[in-house]
Protein chains: 2
Amino acid sequence: MTAAPSATRRERTRAATIDEIKATALDLMRGAGTVDVRFTDIARVMGVTPPALYRYFADRDELLTALITDAYDDLARHVAASGAAAPDDLGARWEAAAQAYREWAHREPERFALILGLPVPGYVAPEEGPTSEAASRALSQLSSLFVEALHADTLGAPYLREVDPTVEVCAHGKSEDLEVTLPAESFQAMLHAWAALHGFTSLEAYGHLDWMEPAARDALFGSQVTLIARVAGLPEPLRA
Amino acid sequence: MTAAPSATRRERTRAATIDEIKATALDLMRGAGTVDVRFTDIARVMGVTPPALYRYFADRDELLTALITDAYDDLARHVAASGAAAPDDLGARWEAAAQAYREWAHREPERFALILGLPVPGYVAPEEGPTSEAASRALSQLSSLFVEALHADTLGAPYLREVDPTVEVCAHGKSEDLEVTLPAESFQAMLHAWAALHGFTSLEAYGHLDWMEPAARDALFGSQVTLIARVAGLPEPLRA
DNA sequence: TCGTGTTTGTTAAGCAGCGTAACCGATCTG
DNA sequence: CAGATCGGTTACGCTGCTTAACAAACACGA
């Protein structure tokens, strides 16, 4: 989580305690199915008294902020790692990234809610940019797929070609961040893709698809991912 | 909200008080941007003491349950009412329903989170069916569009024709509820449509698209709704 | 009209969680 | 080994949830 291979013994044990606090908080969240955590409970589980925790976090909001930051990192890392198996197959990488996003959210709905649900009041993003951090990180993963496809000349035209001027402007604005210019229609398709992926993921993570058999959910997700890729102009995965 | 044009004076004032409590709770939620509400705050705003509220709700969970139930009803009504302007134009009704879903969520993100976010621990659905209530209501709106299109013979084939057997089974199971049999590929497309719509809606409602201009968000939503309709085989809106 | 029971509010009080203050031993450092 | 710092403790105050005991307002039949 935080672990830096740091210098002194004190710093190491301190970092370990911080990690333990965060891990305990996550366990309790998972157990209760909420984003609420009681300092008292964390302390009890850890076998210390509640005020001891204030040596590590100024208040509950600060702990929450740390958990949110960690969750951002973890999800981003998870998605980024998903494509390692087939670095040259962009279609397969899209499928893997989508699956990773979905799988992470399904495994950790509370953390997913923490970063992509209704914002929690106490949290203030470190170093505010114009873009919300969640959006920025999620998009950077996705957009790199599109940009690579563009460079490899395998990015097809999306199914929907019309782009409203306001979206076009927005695409150019974003392009400056990425230092590349994606065609506006592909930029739009990328956002459509993200929204569709996020929708399935949210519904499943929060249990709103529990009326389906797990196998059917898997199949439905697979078909949706394929559909998204096709209408977005992403290359098909190379099949054996 | 609850208002039945009921009998005695006592019952009427009681119902009014209950409505006032719920309305005050919602105001506070909107003000704080959370799903948390303090009984104390509600009481203060209403000019009574906190224990007075216990004459109307056994505890905070019961109030929350009432708010959730109301939110279900309100969203369903909102979406259902959206198509009144053009009852015979299924394409237009799809657009209107999608817009209504989106608009409601954007206007009331807290209530949206209440019913379609991470489930709140205290809430127990009244009369449990196999289907989660949120899913069921959302789908019944959507599926009626598909069923009507089928009957009107304007339901085209969806873009993606392959359907996994498990999803097919699931489609037939659901069909029994609806008393109609939608082609499995259309059933699958309907779920894709819902997921995509829900994804955009969630992202926007929770502020993850705030980096776009409102006009660009509107345009992006419009294009996504069009795209969804096309790939799902829904009829195009009749243009003047 | 009066008296009685019900409704709806009040104050008082208990309990739990957050966060602060004061204190104390263990550990690092010169 | 002496002083500072770190990491824990207990004691305490504040706030919010909830129950209990009580009081006023109201509805309604005798």
Would you mind reading off the distance between [X] atom [atom1] and [N] atom [atom2], rounded to a whole angstrom?
X        : N       : atom1 : atom2 : answer
Leu53(B) : dC17(D) : CG    : P     : 9 Å
Arg44(B) : dT10(C) : CZ    : P     : 15 Å
Glu11(B) : dT6(C)  : CD    : C1'   : 13 Å
Arg12(A) : dC28(C) : CZ    : C1'   : 13 Å
Phe57(B) : dG9(C)  : CZ    : P     : 13 Å

* Hey, does the Lys NZ or Arg CZ of Arg102(B) hover above the aromatic six-ring of Phe200(B), less than 6.0 Å from the centre and inside 45° of the axis? -> no

* Would you call Arg137(A) and Asp73(A) a salt bridge, taking side-chain N to carboxylate O under 4.0 Å as the test? -> yes

* Asked: Does a salt bridge link Glu204(A) with Arg217(A), judged by any charged N lying under 4.0 Å from a carboxylate O?
  -> yes

* Structure fact -> Minimal heavy-atom distance between Ile228(B) and Ala193(B), with the atoms involved, is CG2-CB, 3.3 Å

* Asked: Should we say atom CD of Glu213(A) is surrounded by more than 12 heavy atoms from elsewhere, each under 6.0 Å from it?
  -> no

* Asked: With under 30° as parallel and over 60° as perpendicular, where do the rings of Tyr72(A) and Tyr123(A) fit, or are they tilted in between?
  -> tilted

* Establish, from distance only, whether the side-chain atoms of Ser202(A) and His198(B) form a donor-acceptor pair under 3.5 Å. => no

* **nucleotides 15-20 of chain C: protein proximity per nucleotide (B base, S sugar-phosphate only, - neither; heavy atom, under 4.0 Å)** => --SSBB

* To do: Report, as a single string ordered 5' to 3', how protein heavy atoms within less than 4.0 Å touch nucleotides 22-30 of chain D: B base, S sugar-phosphate only, - not at all.
  => B---BS---

* To do: Scan Tyr56(B) against the nucleic acid and name what it touches under 4.0 Å (heavy atoms): base, sugar-phosphate only, or nothing.
  => sugar-phosphate

* Structure fact -> Residues pairing under ring pair (Phe, Tyr, Trp, His ring centres under 6.0 Å) where one sits in residues 19-39 of chain A, two or more places apart or in two chains, turn out to be Phe39(A)-Tyr54(A)

